[in-house]
Undergrad: 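Questions regarding the structure given below will be posed in turn.
A note on names: the letters A, B, ... follow the listed sequences, proteins ahead of strands, and every chain is numbered from 1.
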2 protein chains.
Amino acid sequence: MSTPGRGLHGHVLESLGPAITAGEYPPGSVLRTDELAQRFDVSRSVMREAVRVLESMHLVESRRRVGVTVRPKSEWNVYDPQVIRWRLAGADRPQQLRSLTVLRSAIEPVAAGLAAKHATADQCAELTECALGMVANSRGHQLEGYLVHDVTFHRVILNASGNEMFARLGDVVAEVLAGRTHHEVMFEDPDPAAVTLHVQVAEAVRAGDAVRAEHLTREITVGALQELDILAP
Amino acid sequence: MSTPGRGLHGHVLESLGPAITAGEYPPGSVLRTDELAQRFDVSRSVMREAVRVLESMHLVESRRRVGVTVRPKSEWNVYDPQVIRWRLAGADRPQQLRSLTVLRSAIEPVAAGLAAKHATADQCAELTECALGMVANSRGHQLEGYLVHDVTFHRVILNASGNEMFARLGDVVAEVLAGRTHHEVMFEDPDPAAVTLHVQVAEAVRAGDAVRAEHLTREITVGALQELDILAP
DNA sequence: GGGAACAAAAAGTCTGACTTATTTGCCACA
DNA sequence: TGTGGCAAATAAGTCAGACTTTTTGTTCCC
């Protein structure tokens, strides 16, 4: 997902960002630019650029005569892809994965409904292709192949919704799906019912049946919630 | 919504950011740091900090020997509150308002359902209070008073959902609601049916009836979509 | 005890010199 | 004519140091 730490300031960010999002510096902690510059062995100009970026993410606040203070988690720009990446790489990966899955469960069904109305012929074709790819990789521990098609499937849905805000969640969904396959234990082949649902969603979108597409996608996301034991019985 | 342009670099941002998000510099346009610094009458260090922030928002990309190139809209961090604010203040305010309203229609019903399960007694009380406030201000052109309670109502729902991603959309919803009242024409008193729905949502949440809270909120958001002529007949 | 003047601390700003990566274009050679 | 590499130009990147401004905390006087 996106850019590595380009430039010195990027390198500093890749070190400081995860530390802050991991809660290594509790809210209210005060850092001093000069000290940080020394610690990371960079000039103050570089350090200042890094701090500015952290500030734009609302991770910290810089005030004269005080220093750079860490903000409480409730103020972070939690939709910033870089913040999401840092959190997924750190200690509160589980919580981040849960909240992102709930977010998915809200967005994707609506996106699928819109996709049924707005998808182009190309997008419908790609959707069907992905669904078939998922079927083809659904047995015999071909998890990687399955994942690729799964990710693309959901990306296409989000793009086809025609809503720019939904479209930009493609990377987030990709990250969640990849996380499930790689980090969470996923011994077995995917649930056959889920595979079927994807095929049916592709059909519904192609048929322009918004209600059906939304309903079927909701079933998919319910499955994702159950996997993480979200959803009270 | 959030911070004004603090510091010189902030001032530059408040000028450059809106210009870029307004499409004043088409994707691929190349800016040079030195020229910008001259134009805004600031030092290169300050200009560099501003560029770094724009870069972290994925509005621009800075490359050696090339300059600062503007990225296509499809790559912008459209969830960044500052980007949202800039776009709402500029030319594509209508499109931004529409995509945000669609986003609301996906998020808020789910959030209301979760709120019914997780809301504290305090939150339930505040919700009821807001609903009553809306009723009290629903007649006689008391639009400002109505707006305050409306905004708080939706904020409380999002917070009570217990999902950090939902909670952070409070500012966005506030912006959309304020936009409807202030910029879009809103001659008349609010739709009585909408007011009633808010009261009923507050009741459902208090009663812990997730399904009902979700359904009722969906009706509210459908109304919001209809106001903007989204939703095919 | 309260308020005003003062001192210290840290971010903020500017400048100028230098480094480095990347592109462009030239030129030689096949 | 085309292609390879080499060299120059260019703009961002980095650094160091001096100076300014704002804010905070202290102290001293009324």
Undergrad: How long is the line joining NE2 of B:His9 and C1' of C:dC14, in whole Å?
TA: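 Nearest whole value for this atom pair: 16 Å.
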Undergrad: Check whether the side chains of A:Glu14 and A:Gln82 place a donor and an acceptor atom closer than 3.5 Å, and report yes or no.
TA: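 A pair is found: one side chain offers a donor N or O, the other an acceptor, under 3.5 Å apart.
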Undergrad: Mind running side-chain contact (heavy atoms from CB on, under 4.5 Å) on B:Trp76 and B:Met57 for me, showing each step along the way?
TA: CA-CA 6 Å; B:Trp76 297 349; B:Met57 296 169 173; over 6 Å; no
Undergrad: Could I get the full list of side chain to side chain donor-acceptor pair (under 3.5 Å) partners for A:Gln95, not counting sequence neighbours?
TA: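 A:Gln95 satisfies side chain to side chain donor-acceptor pair (under 3.5 Å) with A:Lys73 only.
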Undergrad: Taking only N and O in the side chain of B:Arg52, is any of them less than 4.0 Å away from OP1 or OP2 of D:dG13?
TA: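 Yes, because at least one side-chain N or O of B:Arg52 sits under 4.0 Å from OP1 or OP2 of D:dG13.
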Undergrad: Measure from CZ on B:Arg64 to C1' on C:dT20 and round the result to the nearest Å.
TA: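 That distance rounds to 4 Å.
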Undergrad: For B:Val30, which residues count as a side-chain contact (heavy atoms from CB on, under 4.5 Å) partner, sequence neighbours excluded?
TA: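 B:Val30 satisfies side-chain contact (heavy atoms from CB on, under 4.5 Å) with B:Thr69 once adjacent residues are dropped.
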Undergrad: Take the protein atom CG of B:Leu8 and the nucleotide atom P of C:dT15, then report the distance between them rounded to whole Å.
TA: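 Taking CG of B:Leu8 and P of C:dT15, I get 12 Å after rounding.
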Undergrad: Starting at atom NE2 of A:His11, determine the distance to atom P of D:dG13, rounded to an integer number of angstrom.
TA: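 Rounded to the whole Å, the gap is 17 Å.
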Undergrad: Quick one, which residues of residues 25-33 of chain B touch DNA chain D with a heavy atom under 4.0 Å?
TA: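 B:Leu31, B:Arg32, B:Thr33 - these, ordered by number, are the residues of the stretch whose heavy atoms sit under 4.0 Å from the strand.
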Undergrad: Below 3.5 Å between N/O atoms, which protein atoms pair up with nucleotides 7-9 of chain D? Just atom names and distances, please.
TA:
residue: D:dA9; atom: N3; partner: B:Arg65; partner atom: NH1; Å: 2.8

Undergrad: In whole angstroms, how far is the C1' atom of D:dT14 from the CZ atom of A:Arg6?
TA: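 Rounding to the nearest Å, CZ of A:Arg6 and C1' of D:dT14 are 16 Å apart.
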Undergrad: Keeping to residues at least two apart or across chains, list the side-chain hydrogen bond (donor to acceptor under 3.5 Å, both in side chains) pairs with something in residues 103-114 of chain B.
TA: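 As it turns out, the side-chain hydrogen bond (donor to acceptor under 3.5 Å, both in side chains) pairs with a partner in residues 103-114 of chain B, which skip direct neighbours, are B:Arg104-B:Glu108, B:Glu108-B:His154.
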Undergrad: Tell me, please, which residues at least two apart from A:Ala119 pass side-chain contact (heavy atoms from CB on, under 4.5 Å).
TA: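 In terms of side-chain contact (heavy atoms from CB on, under 4.5 Å), with neighbours along the sequence ignored, A:Ala119 is linked to A:Gln123, A:Cys124, A:Ala160, A:Val205.
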Undergrad: Just how far, in rounded Å, is P of D:dA11 from CD of B:Gln38?
TA: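 Distance check: B:Gln38 CD to D:dA11 P gives 13 Å.
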Undergrad: Can you check the A:Leu13 CG to D:dG13 C1' distance for me, whole Å?
TA: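 My rounded result for the distance is 15 Å.
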Undergrad: Apply side chain to side chain donor-acceptor pair (under 3.5 Å) to A:Arg48 and list each qualifying residue two or more places apart in sequence or on a separate chain.
TA: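 B:Glu49.
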Undergrad: Which residues pass the side-chain contact (heavy atoms from CB on, under 4.5 Å) test with B:Leu8, not counting sequence neighbours?
TA: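 B:Leu8: side-chain contact (heavy atoms from CB on, under 4.5 Å) contacts with B:Val42, B:Val46.
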Undergrad: In whole angstrom, what separates A:Glu35's CD from C:dA11's C1'?
TA: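 Answer to the nearest Å: 15 Å.
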Undergrad: Going by side chain to side chain donor-acceptor pair (under 3.5 Å), name the residues that satisfy it together with B:Arg98, two or more places apart in sequence or in a different chain.
TA: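 None.
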Undergrad: Not counting sequence neighbours, which residues clear side chain to side chain donor-acceptor pair (under 3.5 Å) with B:Ser161? List them please.
TA: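 For B:Ser161, no residue satisfies side chain to side chain donor-acceptor pair (under 3.5 Å) once neighbours in sequence are set aside.
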Undergrad: A:Pro26: what forms a side-chain contact (heavy atoms from CB on, under 4.5 Å) with it, not counting sequence neighbours?
TA: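 Partners of A:Pro26 by the side-chain contact (heavy atoms from CB on, under 4.5 Å) criterion, ordered by chain and then number, come out as A:Ser29.
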Undergrad: Kindly state which residues belonging to residues 40-51 of chain A come within less than 4.0 angstrom of DNA chain C, counting heavy atoms of the residue only, listed by number.
TA: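 Output list: A:Arg48.
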